[in-house]
There are 2 protein chains.
Amino acid sequence: MNVKHNKENVLKTGLDLFCHKGFNSLGIDEICKVTGMTKGAFYNAFKSKEQFLIEAIVLYAKNNVNRIKTQLQANKKDTAYNRLLQFYISMLEVQPKVNFMGCFINNIMSELGATNENVGIAATKAFDEFIEAIEPTVKEAQRENELDANINARQITELLHSTFYGALTRAKSSKDHQQSIHTMNLLFNNLKIKP
Amino acid sequence: MNVKHNKENVLKTGLDLFCHKGFNSLGIDEICKVTGMTKGAFYNAFKSKEQFLIEAIVLYAKNNVNRIKTQLQANKKDTAYNRLLQFYISMLEVQPKVNFMGCFINNIMSELGATNENVGIAATKAFDEFIEAIEPTVKEAQRENELDANINARQITELLHSTFYGALTRAKSSKDHQQSIHTMNLLFNNLKIKP
DNA sequence: ATATTCAAACAGAACGGTCTGTACAAATAA
DNA sequence: TTATTTGTACAGACCGTTCTGTTTGAATAT
């Protein structure tokens, strides 16, 4: 077996598996089988399955924050408001392609947040990072007079975040992202300052 | 042991346990221990753990729909808009008392929706019932001119629902319901027709 | 009223399978 | 050589489910 098993690669694969199967339904054996690792190598690299999950959460958070920042900073010719809306819509539009798996952090939070403190902490931190990555663009939209500058930017961001995650969960449940896209559009419409 | 083990009572207890521990973290042994049942009695009453969960979901949905209807129809002296807002706020306010467990349906959906079709169907049905229980009061608020009658009532209800569940998940994650209450207030403020 | 029958409810040990984590020897690197 | 990493087998716990035998209580027969 000539495959290099650096932690980053294994984590990437494990993260993908966790995304689709959750924590309890995914065994170490399967992770090893898919990555071509053996148990010895796995437990040499990771203290435990829990620790592996936590590192996967951190990796997911990092990737997601990067994606948020990249996507919100692309198309700068467009307004901040439009970039925000497009960002959320695109996250919903991708759902059919990923089997409506929703948000990994949300899923893990639901499965383990109540019983496993360390996992709960890692997941909460990830959530916070997402919100912080979005807030600057909300402020930008306020400066561009498309979102109400009298409302605290953080509050607006929290509202966008909550509605989006609710809509994402709804899409996951109903296996239909169109309704969720309508919901996000309706919210954005309502928040937009009428000229 | 003189306890009567009718299904309803066992389901009630099991539901409570599922709410706090999720599906995979709760074993049949624990259900039996808490209810004072034995395995024989359990498997005589229920086909499987999965079937037990599904019946618990149905029970939860029934209770919750009743609670929604009762709460939205109380205080009729208040406007429909205010009753809606108060309903959501009260659901968030109770979170500290239930250890920020969030919504049972949402949790189960996140844990099993992707891997277990039957559970997914039951959870989706529950979600739909909640929305249908709320929609009439949204229509009422439109008739009372506090919500925009030009927008489809179902769409507004979906928006309220999504934001609420997102906010609930956020409260669960951050162990802080105040931020979520702000979020719901902000949404309602924005939706209210300015006089 | 009393005895008999019988199906459903129940007890709880046992089973088969799965899981995480460990032991330890072999392989490799220093 | 000595230290580290890897491969594999396995320990030990756990879990959902099944199984066998027992209790129970109502229906039926005497």
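This structure is a prediction, so every number in the text was calculated from the model and none was measured.
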- request: Determine, using ring centers only, whether B:Tyr165 and A:Tyr165 are less than 6.0 Å apart.
  value: no
message: Any non-hydrogen side-chain atom of A:Glu111 less than 4.5 Å from a side-chain atom of B:Asn24?
response: yes
Measure the distance from [atom1] on [X] to [atom2] on [N] and round it to the nearest whole Å.
X	N	atom1	atom2	value
A:Phe42	C:dC19	CZ	C1'	13 Å
A:Asn44	C:dC24	CG	P	17 Å
A:Leu53	C:dT20	CG	C1'	14 Å
A:Lys7	D:dT5	NZ	P	11 Å
A:Gln51	C:dG21	CD	P	11 Å
A:Lys47	D:dT5	NZ	C1'	20 Å
B:Lys33	C:dG12	NZ	C1'	16 Å
A:Glu30	C:dC19	CD	C1'	13 Å

query: Who passes ring-ring contact (aromatic ring centres under 6.0 Å, His included) against B:Tyr43, sequence neighbours left out?
result: none
Restricting to nitrogen or oxygen on both sides, can you table the protein-nucleotides 11-16 of chain D pairs closer than 3.5 Å?
from: D:dG16; atom 1: OP1; to: B:Lys49; atom 2: NZ; distance (Å): 2.6
from: D:dG16; atom 1: OP2; to: B:Ile28; atom 2: N; distance (Å): 2.9

- request: State plainly whether the residues A:Asp29 and A:Lys39 are in salt-bridge range, i.e. N to O under 4.0 Å.
  value: yes
field: Ion pair B:Asp128/A:Arg170, N-O distance below 4.0 Å
entry: yes
Results of side-chain contact (heavy atoms from CB on, under 4.5 Å) for A:Glu135 - residues two or more places apart only: A:Lys139, A:Ala153, A:Arg154, A:Thr157
